[in-house]
Amino acid sequence: MTGFLLISTSLIAMLGVALLVLARLEPGHPHISDWGWSHVLLALGLTLGVALAPPDLLSLRYQAQATVATACIIASLAFELAGAARYRGRIWRWARNAPLFGSLLGVILALALLNQHIAVVVAALVLAGGAWLAAFWLWRGGARSERFVAGCFIASGLVHLSGPALDPLARSIVTHILGTYVHVALAMALILLSVRRAHLETEQVNSRLRQLYEQSMQGLVVVQDGHAVYANPAALAMFGLDHLDGTTAIESVIAPADIESARARSAQLIGQRGGQIAWEGERYRSDGTAIYVRGTSSYFEWDGRAALLVLMLDDTERQRATEALRRQALHDELTDLPNRHAALARLAELTEPGSAGFALLSADLDRFQLVNESLGHETGDALLRAIADRLRGALPADAMLARLGEDQFLLLHPGIHDDAAALLAGQRLLALLNAPFTVGHRALYVHMSIGIARYPAHGQDGASLLHAADVAMHQAKLQAGAAAVAYQPGMAAGAGGLLEIEQALAAAIEQDEFQLDYQPKFAARSRLLVGFEALVRWQRPGRGRISPAEFIPAAERTGQIVALGALILRQAVQQLRAWTQRGLVALPVAVNVSPLQFEDAGFADWLLALVRAHGLPPELLEVEITETAAMTHMDRVLPQLARLREAGVGVAFDDFGTGQSSLTLLRRLPITTLKLDRSMVDPLPEASAGAVVHATCVLARSLGLTIVAEGVETEAQAAEVEALGCTQLQGWLLSKPLLAEAAGALLAPASSIV
């Protein structure tokens, strides 16, 4: 009997150990471990409480073994229920359930002290109830295999009840034979059920993974021994394949430039037997089409051998978009030439320390704006494209032609080390423009001004070289026709001086740093004072007087001549009023007016309001305008001159004789005075020069104009112009320009006029 019981409990224990081993193999299924411990503890309880129980029921040893055996059997029940609950996905908390089973153990042990038979009956009922509860959990909604296990739990409960029914101490051989068969069957069923569930879950996980990588848009390839042994549908579609035949070498789809890096990457991963490396590059489809791929390669074992798992994305479209954006950022959209950003980047590369010399040519089209204004911007754009195409096609391969702006191009020409070679390159560039450009149905001739700077002679970086080339280009603009000029150090100083004057003008106007000198005008023959011409001077703090030849052109270029002209007119009117307030007989003052001032349609009204505000008769003011200004801005100048003349303001035609259409303008303009330029007076008393002056005076007298000879510096010139018909003289012979105080001293007091 004892031997049989030991064999029975050993078999149950071994099946429990088998379940525990299976639990180690499937750590994600805790119910297997629970059922394993349930069988091991059951076997231990039966061994101590039945198989090896001492015959003396009242001995201390028996009581100790019975207590331990009872605890093991109650713990077995707890693990049995825990396994069933976890198998069904129920929440099982040991902290909450342990006190319950501890209480059951205490009740059974307490009953055993009073009546051992009653304790055995209660224990049998507890074990049977627990087995049937586990059976209920597994049976409800269970599959066939799960209901079979539930049946085993039901049978186990019946076996537990048979113990006290057949023997007061549950030692019946029938109970233990039935219990052995039932628990062996239960253990085997639990093993098979657990294996089946683990297998199904593994299949489910594998199915999900298979769906993920089969339906993934990311390409997945397994590479082994340099060949692709597996590729998911996305990878096959990416490379234009229907299937893998196992013979395709992976290097056949890699761009030649990337093969060495791919080999090194594979060797590193396989050598380390781990790791992951990201990469990107060009790959080829089966039809030879290039695609751009981003991917990662990692170590992988395939069929027990080293391999690479390669994950890939076709990044061709994004790469093309990136390239398009990069090209847009670095290329001129109109001409498809590199733009300013690309040129500056290339300049930075070429000017790195130790770089070879090169020439930088800044080329600007002459009078291109006239093409846009007269023929339209579409024609101008077409012309720029034609120029870019011709220049690009004729330049050396290592030269870079870029478009910097509207009509400015930049040429980076390597291999040039002296000015002679640089100028030759500039002349060749100009020669490319000799032939006309056919734009639509027109043949257009284009001229260009080129400034040349050399690295490293004229600058150590791109910014200084570009500045030097631009300075030289502006010097070329000053020459007649197309020209190429090499940079010289003195050019920058001159340009810097012009810039400095332009920048200082606005502050000088605001701070009223300008003053007027007054050059007297005298009547012919009598040499009596008849008026003044106001000449502006810049009294610059710390610099002294600045010649008008320096700041007037700068004011014209920057548009500040409008503010400066208004300041001059205000000062002249204020001085006239000051003379009259001192009781002097004021004489007319002539003031030069820029054509830019006439851009304001209200200029004439503003000037008349200024004169009236100072209480002066309009006849005391005379405006002087040059022939060039009148011709260029005739539509704006003519109406305003007429308005001034109508109000009584005198109008003088200045620098007569320097233009080509003066005689026609004399009839059209509402002028009162004709001023002969000093270039007509200087040659006098030569006969040919005198004939021109005489003819002019005859014409002016016939039109009723006052004739002023400017630049009279000798008595011979004075006598000649008087004889030829000039009515007024102005020049250093009679008086140099005077300060306002000195000019006022020439005026007679009003009280002296009878």
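Taking a 6.0 Å sphere around CD1 of Ile91, one finds it holds 12 or fewer heavy atoms contributed by other residues, nucleotides or ligands.
Taking the six-membered ring where the residue is Trp, His31 and Tyr87 present perpendicular rings, their angle passing 60° and hence far from 30°. Ring planes of Trp302 and Phe300: tilted class, angle from 30 to 60°.
Checking side-chain atoms of Thr296 against main-chain N and O of Ala278 turns up no donor-acceptor pair under 3.5 Å. Panel note: side chain His39, backbone Trp35; a donor-acceptor pair is recorded below 3.5 Å. Within the 3.5 Å criterion, the main-chain N or O of Gln218 finds a donor-acceptor partner in the side chain of Asn232.
Remark: Leu244 CG to Leu236 CG distance equals 5.5 Å, nearest 0.5 Å. Taking OH of Tyr292 as the reference point, atom CD of Glu317 lies at 14.5 Å (rounded to 0.5 Å). Here the CG atom belonging to Leu42 is positioned 9.5 Å from the SG atom belonging to Cys72, to the nearest 0.5 angstrom. Separating the CZ atom in Arg147 from the SG atom in Cys152 is a distance of 14.5 Å, to the nearest 0.5 Å. We find the CD-CG distance between Gln63 and Leu60 to be 6.0 Å, quoted to the nearest 0.5 Å. In this structure, Leu186 CG and Ile12 CD1 are separated by 9.5 Å, a value rounded to the nearest 0.5 Å.
Arg93 is linked by a salt bridge (charged side-chain N to carboxylate O under 4.0 Å, His left out) to nothing, counting only residues two or more places apart in sequence or in another chain. Partners of Arg88 according to the salt bridge (charged side-chain N to carboxylate O under 4.0 Å, His left out) rule, which considers only residues two or more places apart in sequence or in another chain, are Glu146. In terms of the side chain to side chain contact (heavy atoms under 4.5 Å, CB included) criterion, residue partners of Met188 (sequence neighbours excluded) are, by chain and number, Leu15, Val184. Looking at residues two or more places apart in sequence or on another chain, you find a side chain to side chain contact (heavy atoms under 4.5 Å, CB included) between Tyr284 and Ala255, Pro256, Glu282, Ala290. Here Asp381 pairs with nothing under the salt bridge (charged side-chain N to carboxylate O under 4.0 Å, His left out) rule; sequence neighbours left out. Take Ile291 and apply the side chain to side chain contact (heavy atoms under 4.5 Å, CB included) test, not counting sequence neighbours, and it matches Met238, Phe239, Arg283, Arg285, Val293, Asp314, Thr316. For Arg263, the salt bridge (charged side-chain N to carboxylate O under 4.0 Å, His left out) partners are Glu251, Glu260, not counting sequence neighbours.
Using a 4.5 Å heavy-atom threshold, the side chains of Ile73 and Leu41 count as separate. A 4.5 Å side-chain heavy-atom check between Arg403 and Leu384 finds at least one atom pair inside the cut-off. Between Arg340 and Leu466, the closest side-chain pair of non-hydrogen atoms falls below 4.5 Å. Using a 4.5 Å heavy-atom cutoff, the side chains of Asp461 and Ser464 are in contact. Within the 4.5 Å cutoff, the side chain of Leu404 has no heavy atoms near those of the Phe409 side chain. Between Gln460 and Leu465 there is no side-chain heavy-atom pair separated by less than 4.5 Å. Trp92 has its side chain within reach of Asn97: a pair of non-hydrogen atoms, C-beta onward, lies under 4.5 Å apart. Counting heavy atoms from C-beta on, the side chains of Leu308 and Ser266 come closer than 4.5 Å.
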Name each donor-acceptor pair under 3.5 Å that joins a side chain in residues 343-359 to protein atoms two or more places apart or in another chain, with its distance.
unit_1	atom_1	unit_2	atom_2	d
Arg346	NH1	Glu349	OE1	2.9
Thr351	OG1	Leu347	O	2.7
Thr351	OG1	Ala348	O	3.4
Ser355	OG	Leu350	O	3.2
Ser355	OG	Glu352	N	3.4
Ser355	OG	Glu352	O	2.6

May I have the list of side-chain donor-acceptor pairs in residues 127-145 shorter than 3.5 Å, sequence neighbours left out?
unit_1	atom_1	unit_2	atom_2	d
Trp132	NE1	Ile154	O	3.0

Below 3.5 Å, can you tabulate the donor-acceptor pairs from side chains in residues 45-53 to any protein atom, sequence neighbours excluded?
unit_1	atom_1	unit_2	atom_2	d
Thr47	OG1	Thr9	OG1	3.1
Thr47	OG1	Ala43	O	2.7

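For the side chain to side chain donor-acceptor pair (under 3.5 Å) condition, the pairs that include at least one residue of residues 268-278, sequence neighbours left out, are Arg273-Tyr299, Arg273-Glu301. Sequence neighbours left out, the pairs with a member in residues 65-86 that pass salt bridge (charged side-chain N to carboxylate O under 4.0 Å, His left out) are Asp34-Arg86.
The minimum heavy-atom distance between Ala469 and Ala453, with the atom names listed, is N-CB, 3.7 Å. Looking at every heavy atom in both residues, Ser33 comes nearest to Leu20 through O-CD2, 3.6 Å. Considering all non-hydrogen atoms of both residues, Ala388 and Leu337 come closest at CB-CD1, 3.6 Å. Of all the heavy atoms in Pro338 and Ala342, the pair that sits closest is CB-CB, 3.8 Å. Nearest heavy-atom pair across His117 and Asn115 is N-OD1, 3.0 Å. Contact record, Ser38 with Ser76: O-OG, 2.6 Å, taken as the closest heavy-atom pair.
No side-chain N or O of Asp258 forms a donor-acceptor pair with one of Ser261 less than 3.5 Å apart. Ser297 and Trp279 share a side-chain donor-acceptor pair at under 3.5 Å.
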Checklist entry - Please walk me through it: do Leu178 and Val174 pass side chain to side chain contact (heavy atoms under 4.5 Å, CB included)? => result CA-CA 6 Å; Leu178 290 175; Val174 175; 3.9 Å; yes
Next on the checklist: I'd like to know whether Leu220 forms a side chain to side chain contact (heavy atoms under 4.5 Å, CB included) with Val310, so could you lay out the CA-CA distance, the side-chain angles of the two residues, the decisive distance to 0.1 Å, and finally the verdict.
Outcome noted: CA-CA 6 Å; Leu220 184 151; Val310 183; over 6 Å; no
Next on the checklist: side chain to side chain contact (heavy atoms under 4.5 Å, CB included) for Tyr230 and Val221? Distances and angles first, verdict last.
Outcome noted: CA-CA 6 Å; Tyr230 171 80; Val221 177; over 6 Å; no
Checklist entry - Going through the checks in order, is the side chain to side chain contact (heavy atoms under 4.5 Å, CB included) test met by Asn339 and Glu333? => result CA-CA 9 Å; Asn339 62 11; Glu333 185 176 354; over 6 Å; no
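Using a 4.0 Å cut-off between a side-chain N of Lys or Arg and a carboxylate O of Asp or Glu, Arg305 and Asp225 qualify as a salt bridge.
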